[in-house]
Amino acid sequence: MGIEVHVQGRVESGHLADFYEAVKKYQEYAKSHGYTVAKVLFGLSGQMNTVRLVYQYDDLNGYESHEVRTLTDRDYAEIAQQMRFVDGSSRYEIYRVL
């Protein structure tokens, strides 16, 4: 069994290209600093500019440890902010994978 965390949000209108560049930096930073690297999904239906980041962990401890590390990593936060999500559009969903 594992855990998947889905983070869904909307990118500001006119900034999908900026999001694409920022998310590549975000993934590279995550990989080089030992974070879980998110798979990125671009919505083809539903609300415009919707994206979803999918993280996979072995268990909840892995997810919680990732979250604690991000709270003290200023560079991680700066890169994440460059993704240009619309304020208030982000939501987190946590799933157990059977």
Side-chain angles (χ1 to χ4, degrees):
M1 275 191 258
I3 299 294
E4 274 193 8
V5 177
H6 293 216
V7 179
Q8 180 175 305
R10 280 188 2 265
V11 176
E12 293 175 0
S13 182
H15 291 283
L16 272 179
D18 297 331
F19 171 83
Y20 180 73
E21 291 303 316
V23 82
K24 285 192 315 187
K25 288 180 192 173
Y26 176 76
Q27 288 175 312
E28 289 168 9
Y29 185 87
K31 184 176 182 178
S32 68
H33 287 78
Y35 287 103
T36 297
V37 178
K39 177 172 63 171
V40 181
L41 306 174
F42 288 87
L44 298 177
S45 64
Q47 207 166 27
M48 285 185 66
N49 295 349
T50 297
V51 296
R52 183 178 295 242
L53 300 146
V54 180
Y55 301 85
Q56 295 182 325
Y57 302 94
D58 291 332
D59 53 36
L60 281 172
N61 290 334
Y63 166 61
E64 289 173 355
S65 133
H66 177 118
E67 288 298 299
V68 167
R69 280 187 62 207
T70 65
L71 293 174
T72 58
D73 187 338
R74 181 167 290 177
D75 293 331
Y76 182 96
E78 286 178 14
I79 292 169
Q81 289 175 348
Q82 293 173 18
M83 289 190 268
R84 309 283 300 253
F85 284 111
V86 172
D87 286 341
S89 72
S90 299
R91 76 175 204 221
Y92 286 69
E93 298 173 339
I94 302 172
Y95 297 94
R96 173 174 283 157
V97 180
L98 302 177

Next on the checklist: Hydrogens and angles aside, do H6 and Q8 bring a side-chain donor and acceptor to less than 3.5 Å of each other?
Outcome noted: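 No.
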Next on the checklist: Checking side-chain polar atoms at under 3.5 Å, does H66 have a donor or acceptor matched by the opposite partner on Y57?
Outcome noted: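 There is such a pair (donor and acceptor under 3.5 Å, judged by atom type) between the side chains of H66 and Y57.
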So, for [X] and [Y], which heavy atoms are closest and what is the spacing to 0.1 Å?
{"X": "V40", "Y": "Q27", "answer": "CG2-NE2, 3.5 Å"}
{"X": "T50", "Y": "Q47", "answer": "OG1-O, 2.8 Å"}
{"X": "N49", "Y": "E12", "answer": "ND2-O, 3.8 Å"}
{"X": "G62", "Y": "D59", "answer": "N-OD1, 2.9 Å"}
{"X": "M83", "Y": "V11", "answer": "O-CG1, 4.0 Å"}
{"X": "Q82", "Y": "A22", "answer": "O-CB, 3.4 Å"}

Above 12 or not: heavy atoms from other molecules or residues under 6.0 Å from [atom1] of [X]?
{"X": "D75", "atom1": "CG", "result": "yes"}
{"X": "K24", "atom1": "NZ", "result": "yes"}
{"X": "Y20", "atom1": "OH", "result": "no"}

Same hydrophobic cluster for [X] and [Y], using side-chain heavy-atom links shorter than 4.5 Å among ILVMFWY?
{"X": "Y35", "Y": "L60", "value": "yes"}
{"X": "V54", "Y": "Y26", "value": "no"}
{"X": "L53", "Y": "Y92", "value": "yes"}
{"X": "I94", "Y": "V51", "value": "yes"}
{"X": "V37", "Y": "L41", "value": "no"}

Item to check | Proximity of F19 and F42 rings by center, below 6.0 Å | outcome: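 Between F42 and F19, which both carry aromatic rings, the centre distance is below 6.0 Å.
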Next on the checklist: So that I can tick it off, tell me whether E28 and K31 are bridged by a salt bridge, with the cut-off set at under 4.0 angstrom between side-chain N and carboxylate O.
Outcome noted: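 Answer for the salt bridge query: no.
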Checklist entry - Is the closest basic N to carboxylate O distance between R52 and E93 below 4.0 Å? => result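 Between E93 and R52 there is a salt bridge, with a charged N closer than 4.0 Å to a carboxylate O.
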Checklist entry - Going through the distances and angles, do R96 and L98 end up as a side-chain contact (heavy atoms from CB on, under 4.5 Å)? => result CA-CA 6 Å; R96 173 174 283 157; L98 302 177; 4.0 Å; yes
Checklist entry - Is there a side-chain contact between D73 and Y29 (heavy atoms, below 4.5 Å)? => result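 A side-chain contact exists here, since the closest heavy-atom pair is under 4.5 Å.
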Checklist entry - Distance from K39 atom NZ to E4 atom CD, nearest 0.5 Å? => result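 With rounding to 0.5 Å, NZ (K39) is 6.5 Å from CD (E4).
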